[in-house]
Amino acid sequence: MAEKDFFERVYGVVRQVPEGRVTTYGAIARYLGAARSSRMVGWAMNNSHAVGGVPAHRVVNRKGLLTGKHHFPGTDLMEQLLWNEGVEVEDDQVIHFDRLFWDPNKEIKQE
DNA sequence: TCAGTGACTGACC
DNA sequence: GGGTCAGCCACTG
């Protein structure tokens, strides 16, 4: 893969997340070879609004918790977006997270 | 320049 | 098995 910015790689991975699926900060960080820099993934999401086209609502923490929902314009926008894609959310947590989890390491795993 | 903070995670007790 | 600690890197005051 080309030597793109760390953020660009994060965005690239998030954009590849299929509709109705979710992934985690850790999975993305691991895919980028920075498993211990998962916070940077979260930071990238914080900046994703400036880039646009990044379904940040499909990115949750490893527990399937919508930890970043408060960073969305609407209080429940993140949850609404997930519901709109067929992802069930309850108590700020993705239901059947294990089933909906989309691992870039397994789905992409190339380059 | 230094110190604090954050949309996280894994290890340790 | 649940709470605590440290590591990671970038940004802000």
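Keep in mind that what you see is a predicted model, and the values were worked out from it rather than measured. Per chain, numbering begins at 1; letters A, B, ... match sequence-line order.
Taking side-chain N and O atoms only, A:R62 has a distance below 4.0 Å to OP1 or OP2 of B:dG10. OP1 or OP2 of C:dC8 has not a single side-chain nitrogen or oxygen of A:R30 nearer than 4.0 Å.
C:dC5 and B:dG4: their P atoms are spaced 16 Å apart (whole Å).
Between A:F97 and A:F101, the two ring planes are tilted [angle within 30° to 60°].
If you measure from atom NE2 of A:H49 to atom P of B:dG6, you get 16 Å, rounded to the nearest angstrom. The interatomic distance linking A:L32 (CG) with C:dC8 (P) rounds to 17 Å, in whole Å. Regarding A:Y25, its OH atom lies at a distance of 8 Å from the P atom of B:dT9, rounded to whole Å. In this structure, A:R36 atom CZ and C:dA6 atom C1' are separated by 12 Å, rounded to whole Å. Separating the NE2 atom of A:H71 from the C1' atom of B:dG6 is a distance of 8 Å, rounded to the nearest angstrom. In this structure, A:N47 places its CG atom 12 Å from C1' of B:dG6, rounding to the nearest Å. Atom CZ of A:F7 and atom P of C:dC11 are 6 Å apart (whole Å). Atom CG of A:L77 is separated from atom P of B:dA7 by 17 Å (rounded to the nearest Å).
Distances were taken from every side-chain heavy atom of A:W43 (C-beta onward) to each of C:dC8, C:dA10, B:dA7; the shortest belongs to C:dA10. With C:dC8, B:dT9, B:dA7 as the choices, the nucleotide that has an atom nearest any side-chain atom of A:S37 turns out to be C:dC8.
Nearest heavy-atom pair across A:Y31 and A:N105 is CA-OD1, 3.2 Å. When all heavy atoms of A:N47 and A:F7 are compared, the pair lying nearest together is ND2-CE2, 3.3 Å.
A salt bridge does not link A:E107 with A:R21: none of the charged nitrogens is closer than 4.0 Å to a carboxylate oxygen.
Figure legend. C:dT4 is base-paired to B:dA11; pairs are counted as Watson-Crick or G-U wobble with both atom distances under 3.5 Å. Across the strands present, B:dT1 finds no partner; the criterion is a Watson-Crick or G-U wobble pair with both atom distances under 3.5 angstrom.
Counting any heavy atom pair closer than 4.0 Å across all strands shown, A:S38 reaches a base atom. Nucleic acid contact class of A:N46 (heavy atoms, under 4.0 Å, all strands): base. At the heavy-atom level, A:A56 lies under 4.0 Å from base atoms of the strands shown.
Listed for the A:H70 side chain is no donor-acceptor partner under 3.5 Å among the backbone atoms of A:T67.
Each of A:M40 and A:A27 was matched to the nucleotide of DNA chain B holding its nearest heavy atom; the match closer to the 5' end belongs to A:M40.
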